[in-house]
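Please read the structure below before turning to the comments.
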Amino acid sequence: MDLKRRPLIAGNWKMNGTSGGATVLVAGLSAAAPDISAELAVCPPFVHIESVRKAISVISLGAQDVSFHDDGAFTGEISASMLADMGCRYVIVGHSERRQHHAEQDQIIAAKASKAMQAGLIPIICVGETLAQRQTGQTEMIIELQLSGAVPRDATGKSIVIAYEPVWAIGTGQVATTAQIAEVHAQIRENLQKRLAEPDYLRIIYGGSVKPENASEILSLADVDGALVGGASLKAESFLAIAKAAV
Ligand code: 13P
């Protein structure tokens, strides 16, 4: 393991579960975490963060989104400082479901990532192409555009994580091939190597139908430093099996 890039296996629970179920799940993960070499993180829905926080140990806590505003009159929003106050270490920004259903664009995502960094959180900045973009040969260009638009100017290799999530692989069971993943991860690393301070610390994680069955081949790729797991993070057994594949 490259000590500068300890693998990160993060669970994005999306809009699922009850507070009771969340507590049971994180307690089970916490019991197993000391025997796992990767860093584990869970990103529950906002309303479950408090109950998860009470049951968590060893594992990092994260959120699924954050406001680009500072505290104030912004009904329904959750600020970065509130997440930091709740013990969060990570926050996902720019997930494709937010890009798609909430019309989030790179400029907003960069503003969210900046607020997260200012509050001492590590934004997990998501990038990824749609199926139509891949089929028309635009993947490389889309990734370049998203990186230049969504990664804050003052980000460093230590202060952010990048998640490559091809939109067509999310929740579809259709995982990208190892060649496709390796190619895009190498592109992201090359791009940010030039731009960021402390580039050797940059973790680039893959998301999109990661399961126990495909985790070890994905996680053994040179430029893959972990996974952002959706569906398979909702059960301790499958999430832990994925985490154990990261060495
Ligand atoms: P699935 O693992 O369910 O495909 O979701 C991936 C994802 O969107 C993680 O953020």
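Counting starts at 1 for both ligands and their atoms, in listed order.
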Kindly indicate whether a cation-pi arrangement holds for Lys115 with Phe68, taking the cut-offs as under 6.0 Å to the six-membered ring centre and within 45° of the axis.
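So Lys115 doesn't make the cation-pi contact.
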Got an N/O contact under 3.5 Å between Leu228 and ligand 1?
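N/O-N/O distance under 3.5 Å: no.
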Say whether His95, considering both its backbone and side-chain N or O atoms, lies within less than 3.5 Å of an N or O atom on ligand 1.
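Yes, at least one N or O pair falls under 3.5 Å.
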Salt bridge (charged side-chain N to carboxylate O under 4.0 Å, His left out) partner of Asp225, chosen from Arg203, Arg189, Arg6, Lys4:
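The residue from Arg203, Arg189, Arg6, Lys4 that satisfies salt bridge (charged side-chain N to carboxylate O under 4.0 Å, His left out) with Asp225 turns out to be Arg189.
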Shortest non-hydrogen contact from [X] to [Y]?
X      : Y      : result
Pro152 : Met117 : CG-SD, 3.9 Å
Arg53  : Leu61  : CB-CD2, 4.0 Å
Val91  : Ala116 : CG1-CB, 3.6 Å

What protein heavy atom is closest to atom 2 (O) of ligand 1, reported as residue, atom name and distance in Å?
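I find the closest protein heavy atom is Gly230 N, 2.9 Å.
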Heavy-atom nearest neighbour in the protein, as seen from atom 3 (O) of ligand 1, with distance rounded to 0.1 Å:
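Heavy-atom neighbour on the protein nearest atom 3 (O) of ligand 1: Gly231 N, 2.8 Å.
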With a 4.0 Å cut-off on heavy atoms, does [X] reach ligand 1?
X      : result
Ser209 : yes
Lys14  : yes
Ala232 : no

Indicate yes or no: does Arg99 engage Asp106 in a salt bridge with an N to O separation below 4.0 Å.
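Here Arg99 pairs with Asp106 in a salt bridge, since their nearest N and O are under 4.0 Å apart.
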Element-labelled atoms of ligand 1 that are located less than 4.0 Å from some non-hydrogen atom of [X]:
X      : answer
Gly171 : 1 (P), 3 (O), 4 (O)
Ala169 : 4 (O)
Asn12  : 9 (C), 10 (O)
Glu165 : 6 (C), 7 (C), 8 (O), 9 (C), 10 (O)

Please say which of Asp65, Leu228, Val66, Val161 ends up in a side-chain contact (heavy atoms from CB on, under 4.5 Å) with Ile92.
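The single option meeting the side-chain contact (heavy atoms from CB on, under 4.5 Å) with Ile92 is Leu228.
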Do the rings of Tyr164 and His185 sit parallel, tilted or perpendicular, given the 30° and 60° boundaries?
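The rings of Tyr164 and His185 stand perpendicular, inter-plane angle above 60°.
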